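Just so we're on the same page: letters track the sequence lines, and every chain starts at 1. Keep in mind that this is a model prediction, so the values were computed, not measured.
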Amino acid sequence: MSDRHFIQQIIDRDIAEGKWGPKGDGSVVKTRFPPEPNGFLHIGHAKAITLSHGLAREYGGTFFLRFDDTNPAKEEDRYVRSIVDNLRWLGCTWEGARDDDPMAGVRFASDYFDRMYQHARELISKGLAYVDDQTPEQIRATRGTPTEPGRPSPFRDRPAAESLDLFERMKNGEFPDGSRVLRAKIDMASPNFNLRDPVLYRVVHAHHHRTGDAWKIYPMYDWAHGLEDSYEGITHSLCTLEFENHRPLYDWLLNNLDGVHHPRQIEFARWAPTYMITSKRNLKQLVDEGHVDGWDDPRMPTISGLRRRGYTSEAMRAFCEEGGVTKFNAKIDVVRLENALRDHLNKAAPRRMAVLRPLKVTITNWGEHGAPTRVEELDAVNNPEDESAGSRKVPFSGSLFIERDDFIEQAPNKKWFRLAIGKEVRLRYGYWVACHDVVKNDAGEVVELLCTYDPTTKGGEAPPPDAEGKVRKVKGTLHWVSADDCAEAEVRLFDRLYTAEQPGKASGAHIDDLNPDSLEVIAGARLERSLGEASPGDRFQFERLGYFYADPDSKPGAPVFNRAVTLKDSWAKVAGQG
RNA sequence: UGGGGAUUGGUGUAAUUGGCAGCACGACGGAUUCUGAUUCCGUUAGUCUGAGUUCAAGUCUCAGAUCCCCAGCCA
């Protein structure tokens, strides 16, 4: 029985055979994550990052972060910074990373442009590449179809010296965009289009975010990527399935260069979480058309968005690592993502009480058992999963708030454990209270509950047996806050961005599947007083409600909380069944 | 109609030279519980189809089905 996925098995074999160094030495393993800085990273990238990073760490090898910045028209420095930040947050740091300089150790394809150019000259000299003067349209027209071979370019057999000269002049900026390309001379009849004389270099007069205007020619992916891997000594170059058709070209190029290191490319399947999209184009549409508040909107599947939602990097990594690695394009249930967060935060997040939609509760017999204005400080456990988290004091008085959803005038059935007229519940860490009356406004809505409390139930303990030895029981425990001593906050509740499991699949357009209720902002939530001072980035479990994250929008005394995920709610199911 | 990949319960995965189809999530039921949470116990359900080889097939052979990727001077 082997629990090692297919990539681990390949690497195990390579190491055993000593393919990359001394037999049995895993430390030679070198992987990389090679994003193009043309957008924000999403949940799918997180999987790729943790895979390559995790493999390097597992074998005691090396992991690089390298930007594949070979297309100046699409790339920006802000994307570089965002990606670097995302990897650091994920805890997937690369060789050479330092805390005092976020960019330390980061590599760029553009650093290798000179070497790539020289290697291209080598290929031309060997008669394996040529400058083609055809237009893009002509090249497309002569590429052939799946069933017909392509036709050779009239420039295919141009002497190497002539190509060398033209290539240099392309580099020097003598020709306009689109006028000439460098092509590999492979096989115009190959069933694999990537081998029908693929373009290696194109002329681009655009400003590059790092090299400025130094270059007028830019390498294409297939030419650049293998060389980058080779220059860096990558042993296992992991990429997604759509590059399987590119591997023959990857290998052909490196095989035809003298004395270069030749990594092994391995492809694995991408992930498609349900109710999410990961297409860059579609994500951009959400931002551009204002369906969300930006790339880091907490509803976005971007790493920045999930982070702002309140996800922890531990939960993200656990999610990425639990799913396995295969070549099967799987739909992965978002519930797994949510569960990963719940698992982590259940152990890590301090508990607090917060009332999202407050309903006033007045304890009518509060004055009969002591001073009517007295406040009792009760002990509340900070985290039942973590004894070392200790406890805190919460103020209890005759004037409280409970959750509006926790009261109904007439209990619908015996499974209603919460408050109703004539019913008794426990207030967590507080007293047992029974509701005997309600106050309504002119519209007939309940605006206040009149309850009595049992002084023998302090701290939530069960009352002593009565004269006949019977012990009173209570089914429900509600969260609450003191009405006189609490903080106020804005709370943002999120639901799935889409209502369809595979957005756009059935409807044709992902926009048509947007969930109109994906965001609900609650203005007047009441919190335990200590929560008023929450700092951005703080995380709590609001008991019975879910896990919450103090948004960067929080100001001192005016916190903003995002609900990262709810608690599992089996009552919702019972209620749904009527 | 060409080429490249893939297919195991509802979902995601595992199974050594062919040797009892395992794990996790979900769903369902129960126990515990001062969170209808957590935790614990149990139940559920699967090898794409059809032939063949074999004492024995998820695994090997043949035929077929379905899904994904490929005709950018994007990556």
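Nearest-nucleotide positions on RNA chain B for A:G460 and A:W271 put A:W271 closer to the 5' end.
For B:A37, one of the phosphate oxygens OP1 or OP2 lies less than 4.0 angstrom from a side-chain nitrogen or oxygen of A:S570. Contact annotation: A:R342 does not reach the phosphate of B:U38 (side-chain N/O to OP1 or OP2, under 4.0 Å). Contact annotation: A:Q9 reaches the phosphate of B:A15 (side-chain N/O to OP1 or OP2, under 4.0 Å). Between B:C68 and A:K327, no contact under 4.0 Å exists linking OP1 or OP2 to a side-chain N or O. A sub-4.0 Å separation between OP1 or OP2 of B:A71 and a side-chain N or O of A:T145 is absent.
Using a 4.0 Å cut-off between a side-chain N of Lys or Arg and a carboxylate O of Asp or Glu, A:R336 and A:E322 qualify as a salt bridge. Salt-bridge annotation for A:D111 and A:R210: present, with a side-chain N of the basic residue lying under 4.0 Å from a carboxylate O of the acidic one. A salt bridge does not link A:K331 to A:E501: none of the charged nitrogens lies less than 4.0 Å from a carboxylate oxygen. Contact check on A:R472 versus A:E424 returns a salt bridge, with a Lys/Arg side-chain nitrogen under 4.0 Å from an Asp/Glu carboxylate oxygen. Remark: A:D229 engages A:R32 in a salt bridge, criterion side-chain N to carboxylate O under 4.0 Å.
Here A:Q541 lies in heavy-atom contact (under 4.0 Å) with a base. Within the 4.0 angstrom heavy-atom criterion, only backbone atoms of the sugar-phosphate kind lie near A:F328; the bases stay farther away. A:K331 comes within contact range of the sugar-phosphate backbone alone, with a heavy-atom separation under 4.0 Å but no base atom that close.
Comparing the C1' positions of B:U7 and B:G42 gives an interatomic distance of 32 Å, to the nearest angstrom. With P as the reference atom, B:U33 and B:C23 are 29 Å apart, rounded to whole Å. The separation of B:A14 from B:G9, taken at their P atoms, amounts to 13 Å, rounded to a whole angstrom. For the C1' atoms, the distance from B:G4 to B:C40 is 49 Å, rounded to whole Å. Comparing the P positions of B:C48 and B:U59 gives an interatomic distance of 8 Å, to the nearest angstrom. Nucleotides B:A56 and B:A21, compared at atom C1', are 14 Å apart to the nearest Å.
Distance from the side chain of A:N245 is smallest for B:G3 among the nucleotides B:A14, B:G3, B:C68.
The ring pair (Phe, Tyr, Trp, His ring centres under 6.0 Å) analysis of residues 337-359 of chain A, with sequence neighbours excluded, yields no pairs.
Ring centroid separation for the pair A:H225 and A:Y221 comes in under the 6.0 Å cut-off. Taking the six-membered ring wherever Trp is involved, the centroid distance between the rings of A:Y218 and A:W223 does not fall below 6.0 Å. Remark: aromatic rings of A:F540 and A:Y547 are distant, center separation not under 6.0 Å. For an aromatic pair to be called close, the ring centres must be under 6.0 Å apart, and A:F108 with A:H208 fails this.
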List, with names and distances, any nitrogen or oxygen atoms from the protein found under 3.5 Å away from nitrogen or oxygen atoms belonging to nucleotides 65-67 of chain B.
none

Distances under 3.5 Å between nitrogen or oxygen atoms of protein and nucleotides 72-75 of chain B:
residue: B:C73; atom: OP1; partner: A:R143; partner atom: NH2; Å: 3.0
residue: B:C73; atom: OP2; partner: A:R143; partner atom: NH1; Å: 3.4
residue: B:C73; atom: N3; partner: A:G178; partner atom: O; Å: 3.4
residue: B:C73; atom: N4; partner: A:Q134; partner atom: O; Å: 2.9
residue: B:C73; atom: N4; partner: A:P136; partner atom: N; Å: 3.1
residue: B:C73; atom: N4; partner: A:G178; partner atom: O; Å: 3.0
residue: B:C74; atom: OP2; partner: A:R202; partner atom: NE; Å: 3.1
residue: B:C74; atom: OP2; partner: A:R202; partner atom: NH2; Å: 3.0
residue: B:C74; atom: O3'; partner: A:R202; partner atom: NH2; Å: 3.1
residue: B:C74; atom: O2'; partner: A:N71; partner atom: ND2; Å: 2.9
residue: B:A75; atom: OP1; partner: A:T70; partner atom: OG1; Å: 2.8
residue: B:A75; atom: OP1; partner: A:R202; partner atom: NH1; Å: 3.2
residue: B:A75; atom: OP1; partner: A:R202; partner atom: NH2; Å: 2.9
residue: B:A75; atom: OP2; partner: A:Y221; partner atom: N; Å: 2.9
residue: B:A75; atom: O3'; partner: A:D68; partner atom: OD2; Å: 2.8
residue: B:A75; atom: N6; partner: A:H246; partner atom: NE2; Å: 3.2

Output one line per pair: protein atom, nucleotide atom from nucleotides 23-25 of chain B, and distance, for all N/O pairs under 3.5 Å.
residue: B:A24; atom: N3; partner: A:R336; partner atom: NH2; Å: 3.3
residue: B:C25; atom: O3'; partner: A:N339; partner atom: ND2; Å: 3.3

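Between the P atom of B:G10 and the CD atom of A:E501 lies a distance of 14 Å, rounded to the nearest Å. Rounded to a whole Å, the CG atom of A:D569 is 10 Å from the P atom of B:U38. Atom pair A:L419:CG and B:G36:P shows a separation of 13 Å (rounding to whole Å applied). For the pair A:R196 CZ and B:C70 C1', the interatomic distance rounds to 11 Å; values are reported in whole Å. Between the CG atom of A:L545 and the C1' atom of B:G36 there is a distance of 13 Å, rounded to whole Å. The distance between atom CG of A:D386 and atom P of B:U38, rounded to the nearest whole Å, is 18 Å. Taking atom NZ of residue A:K573 and atom P of nucleotide B:G26, one finds them 9 Å apart after rounding to whole Å. The CG-C1' distance, from A:N192 to B:G5, rounds to 12 Å in whole Å.
With sequence neighbours excluded, the residues satisfying ring pair (Phe, Tyr, Trp, His ring centres under 6.0 Å) with A:F40 are A:Y79, A:W295.
Under the 30°/60° scheme for interplanar angles, the aromatic rings of A:H119 and A:Y231 are found to lie parallel.
Heavy atoms of other residues, nucleotides or ligands lying less than 6.0 angstrom from NZ of A:K327 number more than 12.
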Map every base of RNA chain B to its dot-bracket character, where paired means a Watson-Crick or G-U wobble contact with both distances under 3.5 Å and | marks a partner outside the strand. .((((((..((((.....[..))))((((((.......))))))...(((((..]....))))))))))).....
